[in-house]
Amino acid sequence: MEQNDFKNGQTTIQFYAGLKTIGGTIFEVTYKNERLIADFGVVFQNNLLKGVQLRPQHVISDLKRLGVLPAIPNLFATDEIKGDTTIAISHLHLDHIGLLQYVHPEIPIIMSEESKTLYGHLHAIGEESVDVEGQVKSVPFHQPIQVSANIQVEFFPVNHDAPGTSAMRITTPDTTIVYTGDVRLHEDDVDTANLPNVAGSPDILIIETTNVQEEFLDKNPVIQSEADELIPALLKIDSPSIVFNIYHRNVKRLEILIEAARQKGKIIVFEPETAYLVQAYNMEAPHVRYLLDDDSKVSRLIDAIEPITIEQLKSDFSQVWLQSSYHQMMTLLDLPVQGATYVHSNGVPLGSFDPMYAGLFEWVDKLGMEFVVLGVSGHASAAQIKWLADAMQAKVTIPLHGFTPELLQGPNETFLPETGVVYPIASLLKEKE
């Protein structure tokens, strides 16, 4: 796409959420009546809906009034659709896609091929609701896609803890914008380290700052892989059994737990929904089971993994590693879990920013288990983010997705936008004489 002088540009950018929070990222790039919305996540710092029953006939209008849904016109299921809109998704964590269920079914949603595969599996187990075949479109990495007459998007692979995670380059006739999404840099990483080479030096760089916090500025943790960090730590746990909580969207973590349980000589038991993912990604093994649940609609989809009942678990619980998602904690009342280690491995609730996290502590204490946090961050360290921003050499760097984004300074201009303000790109790109 041929670039024009930005002085005469018609591209604007607007941020709806995610500027000073962990996640909830939503921003919009427009050219005339065309727009590209990047990510559509939910922010977990909202207690308004805790324990409140939603009104089905008014859910979208109610959520707009409460500020849970952003005030974006012509986008939601109850809106009249005007103009040309596409939503591009960087990866499938809820803080980046959690509001997609409210989007109008005529709005196309694009994501990487790996992300769409995982989205299809999550749809099958009831965790996602958007029409996978109709509304969700997959795009290959390194292949520019014309989403409208004047807006082009290209996805690039980056390292994060969800399959198919992407950075993206958004191009209009007068502007190039690179959005990193969520990234990390492991010692053996190629994709994130290569982003400056394949994405080029954009006019605008929008970059995450999760770990750019004052106390972390001088730390630069480097590990080879999640497996190198987590398998030895799991094997060191000496309690007779482990109860673990993981995040479905981190498929690699399932593989790690299965391998660690094999080395420890334990049976590993997953909930049916997770077992479906284990099967879908061909990770079934002789020591893998799923907990039989007559109420689960997913169990009928599992044919390569053996079931196990609660009664069977009771008989020899010391030989078991058991998954227990937060919403399934009641099941633990029927099992001899006292003295077990509860391993919270980046599962939901993800952290203290989620109101449910305090409730998780109470449950673990009441059941007499030891609480252990054992995970690997999906985010680059502050020093690595600084390196990436400098390497991209953008004319303007916009830091977001963190509590203190202002601590990151780009190599040239750094801009901290405000929510809901429409910024012409020409106003951000100060012409150099």
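Throughout, residue positions are numbered sequentially from 1 according to the sequence presented. Worth knowing before you read on, the calculation uses all heavy atoms, side chains too, and leaves out hydrogens, waters and symmetry mates.
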Mutual orientation of the aromatic rings belonging to Phe40 and Phe76 [parallel < 30°, tilted 30-60°, perpendicular > 60°]: tilted
Gln146-Gln152 side chain donor-acceptor pair, cut-off 3.5 Å: yes
Test item: side-chain donor near acceptor, Thr11 and Asp174, under 3.5 Å: yes
Note, Arg169 side chain near Thr176 side chain (heavy atom, < 4.5 Å): yes
Thr341 side-chain N/O to Val343 backbone N/O, donor-acceptor pair under 3.5 Å: no
Pair Ser325, Glu271: side-chain N/O donor-acceptor within cut-off below 3.5 Å: yes
Distance-only polar pair, side chains of Glu34 and Ser148, donor-acceptor under 3.5 Å: yes
Pair Thr175, Asp203: side-chain N/O donor-acceptor within cut-off below 3.5 Å: no
Heavy-atom neighbours of Lys264 NZ exceed 12 at 6.0 Å: yes
Note, Glu133 side chain near Lys116 side chain (heavy atom, < 4.5 Å): yes
Nearest heavy-atom neighbours spanning Asn211 and Ser381: CB-CA, 4.2 Å
Tyr342 side chain to Asn245 side chain, donor-acceptor N/O pair below 3.5 angstrom: yes
Distance-only side-chain donor-acceptor flag, Tyr247 / Asp161, under 3.5 Å: no
Neighbour count >12 (heavy atoms, 6.0 Å) for atom CD, Gln143: yes
Set of residues satisfying ring-ring contact (aromatic ring centres under 6.0 Å, His included) with respect to Tyr119, sequence neighbours excluded: none
Verdict with supporting geometry, Ile89 and Asp39, side chain to side chain contact (heavy atoms under 4.5 Å, CB included): CA-CA 5 Å; Ile89 297 299; Asp39 282 346; 4.1 Å; yes
For Val29, the option from Thr12, Ile37, Val153, Ile177 that meets side chain to side chain contact (heavy atoms under 4.5 Å, CB included): Ile177
Reported CG-to-CD distance for the pair Leu292 and Glu306, which is rounded to 0.5 angstrom: 12.0 Å
Test log, rule side chain to side chain contact (heavy atoms under 4.5 Å, CB included), inputs Asn412 and Val396: CA-CA 6 Å; Asn412 298 301; Val396 176; over 6 Å; no
Side chain proximity check, Leu428 to Ile13, heavy atoms < 4.5 angstrom: yes
Distance-only donor-acceptor check, side chains Ser90 and Ser166, under 3.5 Å: no
Side chains of Gln213 and Thr404, donor plus acceptor under 3.5 Å: no
N-O pairing of Arg289 and Glu284 below 4.0 Å: no
Residues His96 and Asp182: side-chain donor-acceptor under 3.5 angstrom: yes
Exercise: do Tyr16 and Gln14 side chains pair donor with acceptor under 3.5 Å: yes
Reported NE2-to-CD distance for the pair His160 and Glu208, which is rounded to 0.5 angstrom: 7.5 Å
Shortest non-hydrogen separation from Leu313 to Leu322 and the atoms involved: CD1-CD1, 4.1 Å
Sequence-distant partners of Arg184, salt bridge (Lys or Arg N to Asp or Glu O under 4.0 Å), two or more places apart: Glu226
Sidechain-backbone polar pair: Tyr281 side chain, Glu255 backbone, donor-acceptor under 3.5 Å: no
For Tyr102, all residues meeting ring-ring contact (aromatic ring centres under 6.0 Å, His included), sequence neighbours excluded: none
Gap separating the CD atom of Glu259 from the CD1 atom of Ile268, nearest 0.5 angstrom: 10.5 Å
Distance, nearest 0.5 Å, that separates CG of Leu254 from OG of Ser345: 10.0 Å
Side-chain (Asn194) to main-chain (Asn197) donor-acceptor, under 3.5 angstrom: no
No-hydrogen, no-angle side-chain donor-acceptor test under 3.5 Å, Thr274 and His248: yes
Intermediate values then yes/no, side chain to side chain contact (heavy atoms under 4.5 Å, CB included), Val288 and Phe270: CA-CA 8 Å; Val288 176; Phe270 293 101; 3.9 Å; yes
Check: Thr165 side chain, His91 main-chain N or O, donor-acceptor pair, under 3.5 Å: no
Nearest-0.5 Å distance that lies between atom CZ in Phe244 and atom OG in Ser324: 9.5 Å
Donor on one side chain, acceptor on other, Thr210 and His379, under 3.5 Å: yes
Student check: side-chain heavy atoms of Leu100 and Ile87 closer than 4.5 Å: yes
Sub-4.5 Å side-chain heavy-atom contact between Val130 and Ile109: yes
Validation row: Thr21, Leu19 side chains within 4.5 angstrom (heavy atoms): no
